[in-house]
Amino acid sequence: MNLFSKSFTQILVRSLITTRSFLKTSYSTSVICRSTPNESIQQSDKQQQQQQKKYEYLLVNITGQNSNVALVQLNRPKAFNSLCNNLIKELAIVLDSLDKNDQIGCIVLTGITRAFSIGADIKEMQNTTMSDVIKIDFPDQLSVVSKVKKPIIAAVNGFALGGGCELSMMCDIIYAGDKAEFSQPEIRIGTIPGAGGTQRLPRYIGKSKAMEMVLTGDRISAQEAEKLGLISAVFPADKLIEESLKTAEKIANHSKIVVQLAKEAVNAAFETSLAQGNLLEKRLSCTTFGLADRKEGMTAFLEKRKPQFIDQ
């Protein structure tokens, strides 16, 4: 076998392995929409049933004109999407898979029915001992959301209580339906927030209001949450997902690698001093000048055309 034939064979084998791996990848969804301008592909009933068995508590749609947006829905409607251990484990698996998927540029996280999530599953937690809590480490499992490199938009319809509110704050952007409500009610059942409620909330809305919410367990409306800066915008409930997907698609159509750098820079503002944050921003900004997408973006601007990013 000559060198050319050997190289071609190796490429073909790698291609077949990649194809098999892709075909094995599936997400739990009733319909996975890979939308194009003129068509959307609906999976067979058999495929749907297989996927529903794989993820009991989640539904995932791949959508957008370029199939680059993932819609992840918490699916425990009878329990108002309370965060049981198995749901959190499934969410971690799905988000990790989407984060590694080169096609996906943005993720929308929402809940089925009248709730984003009412927080921890109290029935599951009621008889849990301190040693159990330490071993299970619920907060650490849930924190996988904040470690995803791709942007996540929380689309909050209905209740975001306790762990549900904490989950929304782990996301990068929060949109809410006009009937949504937020709270940290743990004080009412003899405990305190454990997944970032006492830390993220003061950073987002200030100490006084955060202290009031944590110490009373009172809820705030979507409108008040917007005024406080906890969320970005309020939409009619029936338009929330549509508007969230619009923003997600806009983000996903940018250079994915540059979006990742921008997210890292903004998040650093909550972890570092101003001087350290400015230094990181400068370094990340300089980094973009080594990217093909930066050159393409500026060239397209000067040529008055839409840039064609290649995520490099």
Side-chain angles (χ1 to χ4, degrees), residues 21-77 80-81 83 86-117 144-145 148-158 160 164 167-168 170-177 180 235-254 256 259:
S21 176
F22 174 79
L23 291 174
K24 288 181 180 179
T25 302
S26 62
Y27 305 115
S28 171
T29 176
S30 55
V31 177
I32 292 186
C33 300
R34 300 189 178 279
S35 302
T36 63
N38 300 314
E39 66 177 354
S40 63
I41 302 174
Q42 187 172 21
Q43 293 183 317
S44 69
D45 291 340
K46 184 176 180 180
Q47 287 175 315
Q48 292 172 22
Q49 291 171 3
Q50 290 174 341
Q51 291 169 345
Q52 291 297 340
K53 289 178 181 178
K54 183 174 182 180
Y55 293 115
E56 184 177 359
Y57 301 117
L58 298 176
L59 300 175
V60 179
N61 294 327
I62 307 301
T63 187
Q65 185 173 337
N66 297 315
S67 299
N68 55 6
V69 173
L71 174 63
V72 180
Q73 297 172 291
L74 308 181
N75 186 32
R76 290 191 75 199
F80 292 93
N81 299 320
L83 303 171
N86 287 336
L87 185 152
I88 295 172
K89 289 177 182 178
E90 289 183 1
L91 183 61
I93 292 170
V94 168
L95 290 180
D96 181 66
S97 177
L98 292 172
D99 206 23
K100 293 175 180 176
N101 186 333
D102 292 338
Q103 184 66 20
I104 301 301
C106 191
I107 301 164
V108 174
L109 179 63
T110 191
I112 295 292
T113 67
R114 293 184 295 151
F116 177 73
S117 172
V144 67
V145 179
V148 173
K149 295 178 181 179
K150 294 176 181 177
I152 303 178
I153 299 173
V156 178
N157 243 338
L167 176 60
S168 72
M170 292 179 190
C171 299
D172 302 297
I173 298 170
I174 307 176
Y175 287 159
F235 299 103
D238 60 348
K239 296 291 184 182
L240 174 63
I241 300 301
E242 177 185 342
E243 295 297 331
S244 298
L245 290 174
K246 281 182 183 178
T247 299
E249 189 165 10
K250 184 181 294 185
I251 293 170
N253 287 336
H254 294 315
K256 295 178 182 63
V259 166

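Please read all numbers here as calculations on a predicted model, not as lab measurements.
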Please examine the side chains of [Y] and [X], heavy atoms only from C-beta on, and report whether any two atoms are closer than 4.5 Å.
{"X": "I173", "Y": "I251", "answer": "yes"}
{"X": "I112", "Y": "L74", "answer": "no"}
{"X": "V60", "Y": "Q73", "answer": "no"}

Find the distance between [atom1] ([X]) and [atom2] ([Y]) and round it off to the nearest 0.5 Å.
{"X": "K256", "Y": "Q103", "atom1": "NZ", "atom2": "CD", "value": "6.0 Å"}
{"X": "L109", "Y": "I153", "atom1": "CG", "atom2": "CD1", "value": "10.5 Å"}
{"X": "R114", "Y": "N157", "atom1": "CZ", "atom2": "CG", "value": "11.5 Å"}
{"X": "C106", "Y": "L98", "atom1": "SG", "atom2": "CG", "value": "11.0 Å"}
{"X": "S117", "Y": "L83", "atom1": "OG", "atom2": "CG", "value": "3.5 Å"}
{"X": "F116", "Y": "L240", "atom1": "CZ", "atom2": "CG", "value": "10.0 Å"}

Is it the case that the side chain of [X] and the backbone of [Y] share a donor-acceptor pair, with hydrogens and angles ignored and the cut-off at 3.5 Å?
{"X": "D99", "Y": "K149", "value": "yes"}
{"X": "N81", "Y": "G111", "value": "no"}
{"X": "E90", "Y": "E56", "value": "yes"}
{"X": "T110", "Y": "A155", "value": "yes"}
{"X": "E243", "Y": "F235", "value": "no"}
{"X": "S97", "Y": "I93", "value": "no"}
{"X": "N61", "Y": "L71", "value": "no"}

TODO: Might you work through the side chain to side chain contact (heavy atoms under 4.5 Å, CB included) test for V144 and D96, ending with a clear yes or no?
DONE: CA-CA 8 Å; V144 67; D96 181 66; 5.7 Å; no
- [ ] List the steps, then state whether side chain to side chain contact (heavy atoms under 4.5 Å, CB included) holds for L59 with V72.
- [x] CA-CA 6 Å; L59 300 175; V72 180; over 6 Å; no
Open item on the list: Taking CG in D102 as the centre, count heavy atoms belonging to other residues, nucleotides or ligands within less than 6.0 Å. Is the count above 12?
Closed with: no
TODO: Can you spot which of I104, V259, D172 makes a side-chain contact (heavy atoms from CB on, under 4.5 Å) with K150?
DONE: I104
Task: For K250, all residues meeting salt bridge (charged side-chain N to carboxylate O under 4.0 Å, His left out), sequence neighbours excluded - done: none
- [ ] Report the C-alpha separation of V156 and Y175 in whole Å, then their side-chain angles, then the decisive distance to 0.1 Å, and conclude whether the side chain to side chain contact (heavy atoms under 4.5 Å, CB included) test is met.
- [x] CA-CA 6 Å; V156 178; Y175 287 159; over 6 Å; no
Open item on the list: On a heavy-atom basis, which atom in G105 and which in P151 lie closest, and how many Å separate them?
Closed with: O-CD, 3.6 Å
- [ ] Could you tell me which non-hydrogen atom of Y57 sits nearest to which non-hydrogen atom of N86, and how far apart they are?
- [x] CE1-CB, 3.6 Å
Task: N253: side chain to side chain donor-acceptor pair (under 3.5 Å) partners, not counting sequence neighbours - done: N66, N68
